[in-house]
Structure formats: structure tokens, C-alpha cells
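First up is the structure itself, then whatever we jot down about it.
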Amino acid sequence: MEATAISKIGQRAGSTARVRGWLYNKRSSGKIQFLIVRDGTGYVQCVVPRADVSPETWEAAEKATQESSLAVTGAVREDRRAPGGFEMSATAVEILGPSPEYPISPKEHGVDFLMNLRHLWMRSSQQHAVLRVRSEMEQAIADFFYEREFVRIDSPILTGSSVEGTSTLFETDYFGDKAYLSQSGQLYLEPAAAAFGKVYCFGPTFRAEKSKTRRHLTEFWMVEPEVAFLEFEGLCELAEDFVVFLVRRALERCGEDLKRLERDGTKLEKVQKPFPRITYREGIRHLQQKGFPVNFGDDLGADEETALCAESERPLIVSRFPTAIKSFYMQPDPQDPEVVLGLDMLAPEGYGEIIGGSQRIHDLALLEKRLEEHKLPREAYEWYLDVRRYGTFPHAGFGMGLERLVAWVCGIHHLREAIPYPRTLKRIYP
RNA sequence: UCCUCAGUAGCUCAAUGGCAGAGCAUCCGGCUGUUAACCGGAGGGUUGUAGGUUCAAAUCCUACCUGAGGAGCCA
């Protein structure tokens, strides 16, 4: 008999089905055993009454330990007592692969232990739910840009020049030359915007920051749109539309997973346009009134960000930062030349910055000047300057960290659970 | 890089200078509707490593190793 996906088991109610998967948990009571089987699409309870099955089937059910792979055949029926609403009365249980002494028990474990067993931990229901939400968000990202006729441009992972300083770059040998793992696809997207108009890239990025917090990974996935002739106001709207689209998608298609994660959906339902916006100057004033010792020119730390977001249930857009604390390529505000047309989007509930973006400098002379001020090696950027030499145009873009979005949407504490195999300061295994 | 905390059974944790313990997991037994099932029994230890103090160290001291939480920086 052909196997049925457990997610589709309800369609077989009243008839016989065969499922293949792994034993998630088992409870027994003398003459009856309950096997919870998972196959990646869902969970189903299989009931094995001793009186109704062959001795071989009874023995197989008894021998099956946590995470043994199994094939179970039986009659499907609705039953309120079963988790999921349907259960199978097993007529045959076959152990496909035994699983002696599975290390992750249904009880509590520490972070280090679970992270060393990440390859097994992803079988656990909550981890499984997070990674399914991540997959849905990846699909939603592709859909959002496809619907808006963006062209996906894959930027290189191995690069010769950096967007920001070289201190946070992973260096590697490239046939005797130095190469670096990409920190951002932006420099490669700007030329592509001149070729295609609306473009985006989506892939892994690498930061050798020695940061050790729940908001940082050394390898994370970033999605970056870049749009020709888009100016700052339009950029803010694009970022807003994007986040609203992604959160709505999670609510529409990840209900089961969010429920398993005990995520409060009402908080996500409040993520609607328009998002509150403040400028950096206004933010500094608010913070000073609340007693924070901050002045124009200071970077906003974690506590400051949390204080600014405290009043809002929607993401907050902070814009127009001092030129000195931002990257070399950001366009100055014509109304206020001390600040640049950059934005940070801060997620509510303390999840912090999920998006950073800006309008880019399109004037060649100004960009050359900024490269010099930031002491960046001019030669490495010659090709990038060509974007301004041959038909320059105003343009803007942003980057969104996928793991930060997923952590926020799922309501999980640490970014390391929002990626299948996290890379952190102290972890490159498994 | 800095600050703080923690390393004891496979896992989560007790034992505060005086006999190394419990729950879960594993194995054995019991129970015909379990929901992290429950009940009884068994096995399981170089207390992170090295040194020191002491009649006596898991416990106090020193160094190192490993991990966690936070800061800075960022997405």
C-alpha cells in the first residue's frame, strides 16, 4: 500500500492507510499501546490493542523506541481523544530502523547539549515548527518580489572588496590573493539596478563580529532589494509593505506551527500600515526626556532601542542618522545635511533591528570624497564607481535579516533557533 | 575584547568542609484510552583539567579549558 502523508490523514478517515515516519513518543497501558508517529508533515496517534493485532505487530510496537523509523498500517478514524483529531487503529507495525538510546528525551535540556545535537534537535516539535516558518518566509520573500517584477540577482559569496570596514570580514585565501566572505550583496546590486531597474538578492552573509548576544550570528541570511529611481520615502514604504506582507503570510499559512510555538497571534495581527516613524533627532529628544544620557552623534544601543519601541505594537521606523555613524554610501538629507537618508526598522516586543537601509549617493564626486573620508581603498571600488560614471540615477535599498524576522514572528528568544545550523562565535559544529 | 555566572550519572539538577543523591532516559516487571501517562525494581560516577590548603575537598584558593547570560557592533 502506498504511504499517506500524515498531514493528509484526515482525507483517509473511514478507510485504511499506511504511514511511514519516526516514533515521536509512546505510552502504554498493559494491553494497549499508543504510538505518536511523526513524518515531517504532522503527527498521528496509532493505537495498538493487544487483542486486535498479531503477536509480531504487538512485539514491534513494544520494541520501538523513541525516533525508531516505522511503517504503520491501519484504519483511520476521527477521535477527539487523539492529538490532531484523527488516529489510526494499527493492524501492522513494522520497525524500519531501530533507535537505541535516543539522546533527546521529552524532558528539559540545556542549550549546549541541544546545540551539539542540532541535527537531531530539529526533529523536536518546536524546532521543527520554527524551521517550517522559516521556509514559508523564504517562499514569501520570493513571492513578494516576484509579484512586483523584481529580478533576482545572486551576489557572490567570495568577494574582493568590502562594504564596511575590514575588521568584521572573514578572510580566506584565493589562489594566493586575499578574498573575503560576503557581508552584503549591496555593492553588486547597485550596478544590477542599472541593468534591470528593480532587483534583489537573497543568500547567506558573513560577519566576523565577536558579538555574543541572542541577536547575532556569524552566518545569517539577508534579503536585499535595490531599486533604481526609488527615493527615501518610497524606500520606507517598500520596507513597510514587505514586512506587512510577510507577517500576514505567516498568519495565513503557519497557523499550526505558530500554535505549537504558543505564539500570541493577536500581536502579529496588529502589524498593519502605517508604521510609526521618527527621525533620529526626535528619538534623541525622546530619550533625553526619559533620562538617557544620549546626544546627537551617539549610536543607539539596545536599551535605547527598546525604550523607543516600548510604546508601539507595530514596527518602528527610525530615520535620518548622523552622517558620521553611518556607511560611506548613504545620501545626505538635502533638508538637513548633517544626517543621511537611512532607516532602521525596529521590530516590536524587543526584537530590535530587522531592517537597515538607505538612499545611496548617486553623485560621483561626493561618493569619491566619502571613500576617502572612510579611508577605503579606492582601487577596490573603481567598478562600483562606474555606476555613477555611466548614467547615474537616484536609487535606494535595504537589507533584512531573515533570522531576526523569523525569531520575531515565532516569538523565540534566540536567533540560533531560527536557522537550521547556526554559526556563532563559539559554534561551527554540527 | 570586556563584565557576570556555571561545569557532579546519557539528560536536568541536589549535596555549602565529614558515607556521591533524586527525577527523566535505558533495562526488567505490572496495568485495555494513554495525553511530558502511571506504579515497582535494577544498572549507571576519575564531581571539566592541573596544582594547592586541610586529618578530611564536589564544596575553600590559584591557573587553565569549555559553555552560558549581557555589553559594544550590526541584520
Side-chain angles (χ1 to χ4, degrees), chain A residues 24-36 43 45-53 58 62-63 65-67 79-84 87 89 99-117 120-121 124-126 163-165 167-168 183-186 202 204-224 239 243 298-305 321 325-327 342-347 351-357 398-408 413-416 418-419 424-427:
Chain A
Y24 193 66
N25 202 357
K26 179 170 69 171
R27 304 176 195 97
S28 68
S29 185
K31 305 285 188 293
I32 185 165
Q33 297 183 72
F34 301 91
L35 314 184
I36 311 287
Y43 304 80
Q45 173 161 282
C46 302
V47 188
V48 188
R50 186 168 204 170
D52 302 348
V53 300
W58 178 258
E62 276 208 310
K63 270 194 185 159
T65 54
Q66 195 187 353
E67 290 302 324
D79 193 310
R80 221 175 289 147
R81 293 168 295 186
E87 67 178 22
S89 294
S99 171
E101 311 251 349
Y102 187 70
I104 302 176
S105 73
K107 293 276 179 178
E108 285 169 30
H109 299 284
V111 171
D112 187 40
F113 176 76
L114 290 170
M115 276 302 167
N116 286 333
L117 296 173
L120 300 177
W121 192 25
S124 299
S125 67
Q126 294 210 338
V163 178
E164 281 130 48
S167 61
T168 61
Q183 296 192 306
S184 163
Q186 184 195 323
F202 186 25
T205 41
F206 306 87
R207 306 260 167 108
E209 290 162 359
K210 295 205 169 163
S211 40
K212 211 177 118 38
T213 81
R214 65 197 173 96
R215 294 188 308 280
H216 290 90
L217 298 168
T218 54
E219 177 178 324
F220 65 98
W221 279 59
M222 185 154 69
V223 52
E224 296 171 275
V243 170
D298 292 343
D299 235 326
L300 301 181
D303 289 349
E304 285 85 6
E305 279 188 4
F321 300 91
I325 59 170
K326 286 292 173 179
S327 300
L343 76 96
D344 281 358
M345 188 190 288
L346 309 177
Y351 280 91
E353 186 179 342
I354 51 171
I355 282 179
F398 65 77
M400 185 191 74
L402 176 66
E403 291 76 17
R404 287 187 179 178
L405 173 86
V406 171
W408 167 46
H413 182 70
H414 201 299
L415 244 50
R416 64 189 162 211
I419 185 168
T424 61
L425 191 54
K426 295 288 186 184
R427 194 170 293 281

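No hydrogens, no waters, no symmetry mates; every other heavy atom, side chains included, goes into these values. Not measured: the values here are computed from a predicted model.
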### Message
Of the listed nucleotides (B/rG67, B/rA75, B/rA71), which one gets closest to any side-chain atom of A/E353?
### Response
B/rA75
### Summary
When pairs are called at under 3.5 Å and a stem needs at least three consecutive Watson-Crick or G-U pairs, the stems of RNA chain B are B:1-7 with B:65-71, B:10-13 with B:21-24, B:26-30 with B:38-42, B:48-52 with B:60-64
### Message
Nearest whole Å is fine: how far is B/rG70 C1' from A/R215 CZ?
### Response
10 Å
### Query
Which part of the nucleic acid, if any, lies within reach of A/L402 when heavy atoms closer than 4.0 Å are counted: base, sugar-phosphate only, or nothing?
nothing
#### Entry: OP1 or OP2 of B/rU34 under 4.0 Å from side-chain N/O of A/R81
no
### Task
May I ask whether A/F34 stacks on the base of B/rG33, given the cut-offs of 5.5 Å between ring centres and 30° between planes?
no
When you compare the protein's N or O atoms with those of nucleotides 39-47 of chain B, which come within less than 3.5 Å of each other, and at what distance?
none

### Task
Please check if the side chain of A/S211 supplies one atom and the backbone of A/T213 the other of a donor-acceptor pair under 3.5 Å.
no
### Query
Taking only residues two or more places apart in sequence, or in another chain, which ones meet A/K31 in a salt bridge (Lys or Arg N to Asp or Glu O under 4.0 Å)?
none
### Query
Which whole-number value in Å describes the distance from A/N116 CG to B/rG67 P?
9 Å
### Query
Does OP1 or OP2 of B/rG67 have a side-chain N or O of A/R416 closer than 4.0 Å?
no
Under 3.5 Å, which protein N or O atoms sit close to an N or O of nucleotides 25-29 of chain B? Give each pair with its distance.
residue, atom, partner, partner atom, Å
B/rU26, O2', A/E101, OE2, 3.0

### Query
Quantified in whole Å, what is the P atom distance between nucleotide B/rC11 and nucleotide B/rG52?
30 Å
### Query
Atom CE of A/M115 and atom P of B/rC11: how far apart are they, to the nearest Å?
17 Å
### Task
Quote, to the nearest angstrom, the P distance that separates B/rA20 from B/rU47.
11 Å
## Note on the structure
Sequence neighbours excluded, the answer for salt bridge (Lys or Arg N to Asp or Glu O under 4.0 Å) partners of A/E403 is A/R134
### Task
For the residue pair A/F220 and A/R207, establish whether any side-chain heavy-atom pair is separated by less than 4.5 Å.
yes
### Task
Remember a base hit wins even if backbone is also touched, and classify A/G110 as base, sugar-phosphate or nothing at under 4.0 Å, heavy atoms.
sugar-phosphate
### Query
Should A/W221 and A/V406 be marked as a side-chain contact (heavy atoms from CB on, under 4.5 Å) after you check the CA-CA gap, both sets of side-chain angles, and the distance that decides it?
CA-CA 11 Å; A/W221 279 59; A/V406 171; over 6 Å; no
### Task
Only counting residues at least two apart or in another chain, list the ones meeting side chain to side chain contact (heavy atoms under 4.5 Å, CB included) with A/K326.
A/F321, A/M330, A/V340, A/D344
#### Entry: Test side chain to side chain contact (heavy atoms under 4.5 Å, CB included) applied to A/D298 - qualifying residues, sequence neighbours left out
A/Y280, A/V294, A/N295
### Summary
To the nearest angstrom, the NE2-C1' distance between A/H109 and B/rC13 comes to 13 Å
### Task
Answer with base, sugar-phosphate or nothing: what part of the nucleic acid does A/K426 contact at a heavy-atom distance below 4.0 Å?
sugar-phosphate
### Query
Below 4.5 Å, heavy atoms only, C-beta onward: do A/R416 and A/V111 meet side chain to side chain?
yes
### Message
Minimum heavy-atom separation for A/M222 and A/T205, please, with both atom names.
### Response
CB-OG1, 3.8 Å
### Task
Kindly write out the residues that satisfy side chain to side chain contact (heavy atoms under 4.5 Å, CB included) with A/L425, not counting sequence neighbours, or none if the list is empty.
A/K210, A/K212
### Message
If you define the side chain from C-beta out and look only at heavy atoms, does anything of A/L120 sit under 4.5 Å from A/P103?
### Response
yes
#### Entry: Along RNA chain B (nearest heavy atom to each residue), the more 5'-positioned of A/S89 and A/T218
A/S89
### Task
State which residues pass salt bridge (Lys or Arg N to Asp or Glu O under 4.0 Å) with A/R81; sequence neighbours excluded, sorted by chain then number.
A/D79
### Message
Can you measure A/L117 atom CG to B/rU12 atom P for me and round it to whole angstrom units?
### Response
10 Å
### Task
Round to the nearest Å and state the distance from A/M345 atom CE to B/rC74 atom C1'.
17 Å
### Query
Is A/E87 side chain donor-acceptor paired with the B/rG33 base, going by distance under 3.5 Å alone?
yes
### Query
Which is true for A/H216 with a 4.0 Å heavy-atom rule: it touches a base, it touches only sugar-phosphate, or it touches nothing?
base
### Message
So A/W121 and A/I104, do their side chains get closer than 4.5 Å, heavy atoms only?
### Response
yes
### Query
When you compare B/rU53 with B/rA15, how far apart are their P atoms, in angstrom units rounded to a whole number?
28 Å
### Message
So A/T424 and A/H216, do their side chains get closer than 4.5 Å, heavy atoms only?
### Response
no
Under 3.5 Å between N/O atoms: give me all the protein pairs with nucleotides 30-32 of chain B, atom names plus distance.
residue, atom, partner, partner atom, Å
B/rC31, N3, A/G30, N, 3.1
B/rC31, N4, A/G30, N, 3.4
B/rU32, O4', A/S29, O, 3.4

Protein N or O to nucleotides 2-9 of chain B N or O, pairs below 3.5 Å:
none

### Query
Can you check whether A/V223 reaches A/L402 side chain to side chain, under 4.5 Å on heavy atoms?
no
### Query
What about A/Q45: does its side chain form a donor-acceptor pair under 3.5 Å with the base of B/rU34?
yes
### Message
What I'd like to find out is whether the side chain of A/F202 reaches to under 4.5 Å of the side chain of A/E224, using heavy atoms alone.
### Response
no
### Message
Within this structure, what is the CG-CZ distance for the pair A/L217 and A/R427, rounded to the nearest 0.5 Å?
### Response
12.0 Å
### Task
Look at all strands and tell whether A/D344 reaches a base, only sugar-phosphate, or nothing, counting heavy atoms closer than 4.0 Å.
nothing
### Message
Whole angstroms only, please: what is the CG-P distance between A/L425 and B/rG72?
### Response
16 Å
### Query
Base, sugar-phosphate alone, or nothing: which one does A/R80 contact when heavy atoms must sit under 4.0 Å apart?
nothing
### Query
Looking only at atom C1', what distance separates B/rA6 and B/rA25, rounded to whole Å?
24 Å
### Task
For A/Q186 and B/rC74, give me the distance from atom CD to atom P, rounded to whole Å.
14 Å
### Message
Would you measure the distance from the P atom in B/rG48 across to the matching atom in B/rG7 and give it in whole Å?
### Response
8 Å
### Query
Distance from A/Q66 atom CD to A/Y102 atom OH, nearest 0.5 Å?
6.5 Å
### Message
I'd like the P distance from B/rU59 over to B/rA68, given in whole Å.
### Response
24 Å
#### Entry: C1' spacing across the pair B/rG44 / B/rA63, given as an integer number of angstrom
33 Å
### Query
When you compare B/rA71 with B/rA50, how far apart are their P atoms, in angstrom units rounded to a whole number?
36 Å
### Task
Could I get the full list of salt bridge (Lys or Arg N to Asp or Glu O under 4.0 Å) partners for A/R27, not counting sequence neighbours?
none
